[in-house]
Protein chains: 2
Amino acid sequence: MSTDEPRSARRRLSRDRIVDAALTSIEEHGVDQMSMRSLGRDLGVEAMALYRYVSGREDLLEAVVANLLNGFVERVEAAETTSWQEYLQHVAHEIRHIALANPTAFPLVVSRHPAAPWLRPPLRDIEMVEHVLATLCARGFTDDQAVDTYKAFTSFLVGSLLLEVSIKTENIAAVEEPMNEGSADIPEQDSSDDADLAQAPHVLRMRDRLSQDHSEAEFETGLESLLNRIEHTVSH
Amino acid sequence: MSTDEPRSARRRLSRDRIVDAALTSIEEHGVDQMSMRSLGRDLGVEAMALYRYVSGREDLLEAVVANLLNGFVERVEAAETTSWQEYLQHVAHEIRHIALANPTAFPLVVSRHPAAPWLRPPLRDIEMVEHVLATLCARGFTDDQAVDTYKAFTSFLVGSLLLEVSIKTENIAAVEEPMNEGSADIPEQDSSDDADLAQAPHVLRMRDRLSQDHSEAEFETGLESLLNRIEHTVSH
DNA sequence: AGAGGCTGCTTACGCCATAAACAGGTGGCA
DNA sequence: TGCCACCTGTTTATGGCGTAAGCAGCCTCT
């Protein structure tokens, strides 16, 4: 009746279509704005229709994370590597690529509860964990060495990439209101930036340097240093 | 009339009291459960009363973060240090202490938008950033060296501590339904775990090692390695 | 043709953040 | 003492949210 939409937009729903739309919406408007209702709107469908394919919002976010990591193992295996150093380099770059391609959604990978709660560094995708551990063992690591390496590696990735994507996301959900700020109801520090900055001469002076983005180089040197450290540890 | 509460619980509201209650509630029930309404309930007050002291939920979370970092600079300065290595060690341990004392709230420090958007590694508290930069410069770092060091240091802290607190928080908001599961006879879960695990022999084998918590030692060696790297870089 | 299963829609509930108007008390000042 | 202005917290209302439950149309298979 009221199908004003072209046929292309009225396609059948599917879990993949929903997850894709969710990821798109998250990247465009931020995680908070991605509601079941708005997502339904995006897909030309009522919110409740989505519940046929996802069991709830949590499950959907779970699926978005899984989708991000999809094909990761395949891509890593595609480029066969000779040393474990080269292998870890490849894994790191692969994940960095994912993070940079989805800067808003990437923090979900870290912030959501892990699939296996007992897995201490709780990166979600067990398939990936397995691949890393298996490869390290195949390269002669003992179990202990593999686990320690996995933990240090994970920690490095999370730290570097979270900071890096937070650069790219800064204003994604910033609401700017028209400034009819005649009277501040609350003793406000709206000018907290400037006030603090007046107290922070070094920050002020290095402002340019601080805001320059050298993430790439920093990531590379950090990664190299980490690999060196692991190498040193492994060879006693 | 309906003030059943003892006087002590009916004390005047204040921004500090609200922020403290918020932090407590977050640590106890998770960030999601901390609503204006529940917080009002905790304080024996209607939700709207809070808006006299806090301009909204976002502002409140902002204040919680600020509160976490409160006194940080004072404590760092209290223990006067001689070398920049010792200084950064002290800063790192101070922040780790904060993180471990407030494992559920700590991710807010990283995940909320920074006060100064142009500040690339967006740790929120400008006072702290200033202190680190000033100290490094006072120890002979050039501006470039100070900035690079600050970024690498921040990245390390965020990565290590986020992973560490996520260990301690795993089940904080987990909804446990009363399963009448008396003994461990029944092996099945959501079955997704076991299904994945069946495909992951290495993970399975190292399960014990993976779930052991050696965060402390890992943090120390990682930090030491980072400081060595910085030292090496700084001295050409 | 008829039956049953997909699929998506409608309605409804209880939660949330928050805007706006309001009331009770308390202090200052005559 | 009387009065008024303010500070504090409450009441009421709006619009959004996630999601439980039931319903209606269509597709396919017999």
Side-chain angles (χ1 to χ4, degrees), chain A residues 1-5 7-19 21-22 25-26 29-64 108 112 173-175 177-188, chain B residues 1-19 21-22 25-26 29-64 108 112 173-175 177:
Chain A
M1 295 275 109
S2 60
T3 66
D4 316 336
E5 304 294 333
R7 184 79 34 167
S8 64
R10 304 291 287 154
R11 273 183 45 227
R12 266 300 239 349
L13 239 36
S14 78
R15 187 172 230 261
D16 280 349
R17 231 158 73 77
I18 293 175
V19 172
S25 165
I26 287 174
H29 306 109
V31 187
D32 295 342
Q33 298 304 309
M34 199 283 285
S35 66
M36 292 295 147
R37 291 165 137 98
S38 75
L39 194 54
R41 233 172 283 134
D42 291 347
L43 291 164
V45 130
E46 292 298 312
M48 287 313 291
L50 306 174
Y51 282 79
R52 293 246 165 240
Y53 302 89
V54 285
S55 71
R57 188 174 191 268
E58 289 301 293
D59 179 51
L60 175 54
L61 291 178
E62 217 58 46
V64 166
L108 291 177
R112 306 207 64 71
V175 225
E177 64 264 62
M179 31 162 295
N180 49 352
E181 188 87 41
S183 59
D185 291 319
I186 302 171
E188 263 316 321
Chain B
M1 27 176 64
S2 64
T3 67
D4 316 336
E5 303 294 333
R7 185 79 31 170
S8 65
R10 305 291 286 152
R11 273 184 46 228
R12 268 295 241 352
L13 240 36
S14 77
R15 188 170 230 260
D16 280 348
R17 232 157 74 75
I18 293 175
V19 172
S25 165
I26 288 173
H29 306 109
V31 188
D32 294 342
Q33 297 305 310
M34 200 282 287
S35 67
M36 293 295 143
R37 287 161 137 98
S38 74
L39 195 53
R41 234 173 282 133
D42 291 348
L43 291 164
V45 129
E46 292 298 311
M48 287 312 290
L50 306 175
Y51 282 79
R52 255 182 221 286
Y53 303 90
V54 156
S55 73
R57 189 173 192 270
E58 291 300 292
D59 179 51
L60 176 54
L61 291 177
E62 218 58 49
V64 166
L108 291 177
R112 306 209 63 70
V175 224
E177 54 264 70

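First the proteins, then the strands, lettered A, B, ... as listed; each starts at 1. Reckoned from all heavy atoms, side chains included, excluding hydrogens, waters and symmetry mates. What you see is a predicted model, and the numbers here were worked out from it, not measured in a lab.
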* To do: To the nearest 0.5 angstrom, please state how far the CG atom of A/Leu50 sits from the CZ atom of A/Arg37.
  => 11.5 Å

* Structure fact -> residues 42-58 of chain A vs side-chain hydrogen bond (donor to acceptor under 3.5 Å, both in side chains), sequence neighbours excluded, gives A/Glu58-A/Arg112

* Any side-chain heavy atom of A/Glu62 sitting closer than 4.5 Å to one from A/Val54? -> no

So which protein nitrogen or oxygen atoms get under 3.5 Å of nucleotides 17-24 of chain C's nitrogens or oxygens?
residue : atom : partner : partner atom : Å
C/dA17  : OP1  : B/Met36 : N            : 3.1
C/dA17  : OP1  : B/Arg57 : NE           : 3.3
C/dA17  : OP2  : B/Met36 : N            : 3.1
C/dA17  : N7   : B/Arg37 : NH1          : 2.5
C/dT18  : OP2  : B/Tyr51 : OH           : 2.7
C/dT18  : OP2  : B/Arg57 : N            : 2.9
C/dT18  : O5'  : B/Tyr51 : OH           : 3.4

* **Nearest-Å distance for atom pair CZ/C1', residues A/Arg12 and D/dG25** => 13 Å

* Kindly indicate whether the side chain of B/Leu60, heavy atoms from C-beta on, has any atom under 4.5 Å from the side chain of B/Met34. => yes

* Main-chain N/O of B/Gln33 paired with B/Ser38 side-chain donor or acceptor, under 3.5 Å -> yes

* Check side-chain hydrogen bond (donor to acceptor under 3.5 Å, both in side chains) between B/Arg41 and all other residues, then give those that pass, not counting sequence neighbours. => none

* Structure fact -> Residues passing the side-chain hydrogen bond (donor to acceptor under 3.5 Å, both in side chains) test with B/Ser14, sequence neighbours excluded, are none

* May I have the distance from A/Arg41 (atom CZ) to C/dG8 (atom P), rounded to whole angstrom? => 18 Å

* Could you check how far CG of B/Leu13 sits from P of C/dG25, rounded to whole Å? => 18 Å

* Structure fact -> When rounded to whole Å, the CG to P distance for the pair B/Leu39 and C/dC15 reads 17 Å

* To do: Rounded to the nearest angstrom, tell me the gap between atom CD in A/Glu46 and atom P in D/dC23.
  => 18 Å

* Sugar-phosphate, base or nothing in reach of A/Arg15, heavy atoms under 4.0 Å -> nothing

* Which residues pass the salt bridge (Lys or Arg N to Asp or Glu O under 4.0 Å) test with B/Asp16, sequence neighbours left out? -> none

* Structure fact -> Axis-to-axis angle for the helix from C/dA1-D/dT30 to C/dA30-D/dT1, ends of five pairs each, to 10°, equals 10°

